[in-house]
Amino acid sequence: MKNEITLPAFSRRSFMRTTALAGGGLLIGVNFLNSCKPEAKMPEDISQLNFNDFNAYIKIADNGKVTIFSPNPEIGQGVKTSMPMIVAEELDVAWKDVYVEQAPLDTKNFTRQVAGGSQSIRHGWDILRQTGANARQMLIHAAAKQWEISPADCKVLEGVISDSKGNQLGYGDVVKAAAALDIQDNAPLKDPSQYKIIGRDALNVDIDKIISGKPLFGLDYSKPGMHYACVLRPPAFGRKLVSFDDSETKKVTGVTDVFRFEDKIAVVATNTWAAKKGKEKLQARWDDEKLESTEDHDRILLGLLDGKDFETLRADGDVKKAFAEADRVIERTYESPFLPHSCMEPMNFFADVTDEEVELTGPIQTPEGSQKAVAEALGVDIAKVRVNMTRMGGGFGRRLIGDFVLEAAKISDVVRKPIKLFYTREDDMTCGQYRPAIKYRIAASLKDGKITGYHLKEAAVNSNMYGLIPNFFPAGAIENYQVDVANYKSHITTAPWRAPYTNFLAFAEQSFLDELFEIMETDPIQARLDLLDNVKGTTDERIQYSPERMQEVIRTAVTKSGWNVPASPGVFRGFSAYYCHNSHVAEVVDVTMNGNGMPSVKKVTCVVDCGIVVNPTGARNQVEGGVIDGIGHAMYGDLSFENGTPGVKNFGAYRLIRMEEAPEVDVHFIQNGLSPTGLGEPALPPAGAALANAIKKATGKRILAQPFTKYLGTEEKVIG
């Protein structure tokens with residue numbers, strides 16, 4: 001008698017119903033990011049399938065090839081490669097047999113299609129593994145049923161199922177049979193020691209298209225009959241349009257439409273050159289109300305720090321009492337300017353508004369938010385607004401704000417033509433969303449050689465640090481600890497900028513701690529480790545970081561950088577450690593001083609605990625990019641305003657780090673087997689602090705403001 005086969009009862013929490021593909025193959029709906037809504041169902045007839053019904057699934061063809069459709073926007077952070085790697089690992093197919101496609105927005109079946117916060121892999125880790133494992137198990141059951149054996153007697157390797165007798169079936173051989181089975185919900189997951197894809201270097205799935213110039217990015221997208229649009233926006237933040245003369249604009253060959261919307265003027269043409277030239281010939285008159293300058297912002301933010309109108313985000317113990325009883329109180333004020341996002345690809349978007357639907361295509365980090373904004377602005381049913389996502393040539397938070405999507409839709413709605421809105425670099429820099437200018441005032445009390453109190457105040461333009469940040473280190477390590485915030489509402493538009501708030505706060509706090517330890521005549525490494533000891537065993541659920549994991553990255557950075565070994569003559573080292581986006585990072589910066597009195601960053605040793613690293617190549621790229629970004633903007637990034645107008649309009653005047661200035665970045669990952677955490681942003685914040693601490697050793701000067709090159713060699717914003 002043959003073995004009796006008992007198939008388990010399967011649920012549909014993580015999977016949607018499977019169906020046979022016309023002509024063979026299997027389609028499996030994937031609950032990406034645990035965000036598919038329960039009502040999502042796979043159509044019984046594959047001909048009914050469209051991306052409005054599903055926007056993330058696995059497709060297995062008769063030849064064993066696997067296609068994984070990914071719903072998340074790809075902004076250069078690598079999720080279009082790493083997320084499918086997770087599925088492929090548990091599915092147990094050869095990575096070379098996997099194809100990856102970008103899916104459009106589907107608000108019916110998904111609730112999180114966002115690129116931001118370094119959260120995609122962290123949130124997707126469990127469900128993506130389970131997705132692959134469940135599919136693998138279903139295919140094994142199909143093979144076992146055909147062989148009339150128990151599924152437990154089957155093994156699978158890279159898409160080939162085998163039994164103890166040497167029989168073999170490829171996934172493509174059993175997809176039709178598998179399509180008739182229900183789906184298991186809790187198939188066993190691999191032990192990390194069995195991984196063959198996760199943890200191995202993989203090339204970016206789009207690399208061939210990128211290096212060969214294939215249409216891939218938003219600026220590449222086009223459709224027959226498409227027109228191009230430029231927009232003249234107010235020349236200063238806070239100004240309003242009074243009137244305009246478009247007589248010369250209409251003389252430009254190719255210009256088809258000119259009209260006002262809100263306080264802007266749209267120029268539509270048959271080509272980009274005509275649209276740009278037409279915009280340049282517009283004569284507009286703007287109102288003359290009082291406008292903001294950097295001098296005003298400095299005065300206002302300092303006034304907020306001096307005032308009493310704060311919101312308290314965290315308060316432990318009694319800071320006032322600790323300060324009153326202290327042997328000494330140290331206070332410093334740290335200052336940062338506005339910064340543009342400087343994306344390589346300027347803002348752009350395609351829109352085609354008709355009576356039947358609104359088609360939107362382009363590079364956006366928040367497709368669902370843009371869909372809602374467009375539907376509301378045009379007064380149409382949101383179900384009629386379709387959003388397709390292209391790859392993005394950078395974002396850094398700028399493309400979280402879909403103002404350019406809304407502009408494209410409004411212009412297309414007026415002219416009733418398919419429109420490609422494009423920004424020039426000058427548009428991008430002068431009419432953009434900026435990192436807000438922020439000032440931090442930090443005070444600490446010292447008594448009997450210990451830090452007894454810590455008070456952090458933030459004054460920012462438009463908004464303040466989000467709620468988790470007050471619970472980052474050194475929260476919990478100091479008994480009396482308080483974080484207060486205040487903000488000034490400005491006409492100048494601001495947006496998240498890579499590692500929001502922490503991108504500057506890490507510099508302020510880690511520089512301040514180094515100074516405290518110097519005053520206390522305490523080793524800066526050991527002092528940090530001691531503070532972290534205070535947090536071990538805490539029952540405070542607000543604390544976001546792990547003291548043990550932070551100590552490990554610190555100790556590893558000391559070892560890998562040779563911190564305790566005397567540096568070469570003329571080389572000065574600075575240290576910092578920081579937690580953000582669920583990851584722990586420690587960095588050591590080696591600098592030398594040039595003849596002009598400016599530092600040259602030679603090397604950065606960066607140790608990261610982000611849990612399991614899915615794709616080491618992509619991970620290293622993210623860390624190296626974050627470090628160089630942090631060094632470059634701390635050294636050079638500056639944007640000031642005069643009467644509401646930014647002082648620079650293009651890269652000719654806006655200083656970015658240059659190739660020859662980029663340091664060697666030595667990256668090390670802590671191998672602890674824990675679930676992955678964020679990686680796109682955490683390496684940036686500590687970089688500026690480690691650099692500032694190295695500069696202190698080299699010059700004896702502590703810099704209190706960014707960019708460093710603006711204040712080095714002066715007595716302004718510098719102490720020591």
Side-chain angles (χ1 to χ4, degrees), residues 51-52 55 71-76 102-107 110 112-116 216-223 226-233 259 261-268 272 275 340-341 343-354 357-424 427-428 431-434 493-496:
F51 286 130
N52 290 324
N55 60 350
N72 274 32
E74 173 57 59
I75 198 172
Q102 177 70 60
L105 174 71
D106 184 345
T107 57
F110 289 86
R112 191 186 186 277
Q113 285 182 274
V114 176
L216 188 63
F217 297 90
L219 280 174
D220 299 324
Y221 186 79
S222 65
K223 289 188 72 172
M226 183 178 77
H227 282 53
Y228 298 84
C230 256
V231 175
L232 181 66
R233 301 170 183 85
F259 61 91
F261 68 109
E262 300 160 354
D263 286 301
K264 309 167 189 176
I265 308 167
V267 178
V268 179
T272 56
H341 291 80
C343 305
M344 183 65 72
E345 177 191 24
M347 301 306 107
N348 67 90
F349 224 80
F350 171 85
D352 188 8
V353 179
T354 66
E357 71 167 1
V358 178
E359 179 190 350
L360 303 170
T361 302
I364 182 65
Q365 292 177 246
T366 49
E368 182 176 355
S370 297
Q371 181 195 46
K372 290 178 180 177
V374 168
E376 182 178 347
L378 302 188
V380 301
D381 186 337
I382 196 169
K384 290 187 175 182
V385 181
R386 181 160 53 93
V387 182
N388 303 300
M389 291 170 279
T390 63
R391 192 179 181 93
M392 288 172 261
F396 313 109
R398 172 62 181 93
R399 288 186 162 97
L400 288 170
I401 310 300
D403 52 322
F404 52 97
V405 183
L406 198 55
E407 288 179 344
K410 288 179 177 179
I411 294 170
S412 179
D413 186 42
V414 171
V415 299
R416 287 296 166 133
K417 299 170 184 174
I419 291 295
K420 180 65 166 289
L421 171 74
F422 67 95
Y423 281 40
T424 63
D427 291 336
D428 225 29
C431 306
Q433 308 275 343
Y434 306 99
T493 51
T494 58

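Side chains included, hydrogens not; waters and symmetry mates left out as well; all remaining heavy atoms used. This structure is a prediction, so every number in the text was calculated from the model and none was measured.
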Enter the distance from [X]:[atom1] to [Y]:[atom2] here, rounded to the nearest 0.5 Å.
X	Y	atom1	atom2	answer
Leu400	Gln433	CG	CD	10.0 Å
Gln371	Leu360	CD	CG	8.0 Å
Asn348	Asp220	CG	CG	9.0 Å
Leu406	Asp403	CG	CG	8.0 Å

Is the backbone of [Y] close enough, under 3.5 Å, to the side chain of [X] for a donor and an acceptor to pair up by distance?
X	Y	value
Ser412	Ile419	no
Thr366	Ile401	no
Asp413	Lys410	no
Glu345	Leu219	yes

Exercise for the section: Could you tell me which residues satisfy side chain to side chain contact (heavy atoms under 4.5 Å, CB included) with Thr361, sequence neighbours excluded, listed by chain and number? Expected result: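 For Thr361, the residues satisfying side chain to side chain contact (heavy atoms under 4.5 Å, CB included) (neighbours in sequence not counted) are Tyr221, Phe350, Glu359, Asn388, Thr390.
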Handout entry: With Cys343 via side chain to side chain contact (heavy atoms under 4.5 Å, CB included) - residues at least two apart
Key =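 Partners of Cys343 by the side chain to side chain contact (heavy atoms under 4.5 Å, CB included) criterion, ordered by chain and then number, come out as His341, Met347, Phe396, Arg398, Arg399.
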Problem - Heavy-atom side-chain contact between Met344 and Phe217 under 4.5 Å - result: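 Answer no - side chains too far apart.
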Problem - Validation row: Pro363, Phe349 side chains within 4.5 angstrom (heavy atoms) - result: yes
Which heavy atom of [X] sits nearest a heavy atom of [Y], and at what distance?
X	Y	answer
Ala275	Val267	O-CG1, 3.8 Å
Lys420	Gly218	NZ-O, 2.9 Å
Gly397	Gln365	N-OE1, 3.4 Å
Val385	Ala375	CG2-CB, 3.9 Å
Gly432	Thr493	O-OG1, 2.7 Å
Thr272	Phe422	O-CZ, 3.5 Å

Problem - Lys384, NZ: over 12 other non-hydrogen atoms inside 6.0 angstrom - result: no
Exercise for the section: Report the residue from Val231, Leu232, Ile411 that forms a side chain to side chain contact (heavy atoms under 4.5 Å, CB included) with Lys264. Expected result: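 Of Val231, Leu232, Ile411, side chain to side chain contact (heavy atoms under 4.5 Å, CB included) with Lys264 is met by Val231 alone.
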Problem - Side-chain ion pair, Glu376 and Lys372, N-O less than 4.0 Å - result: no
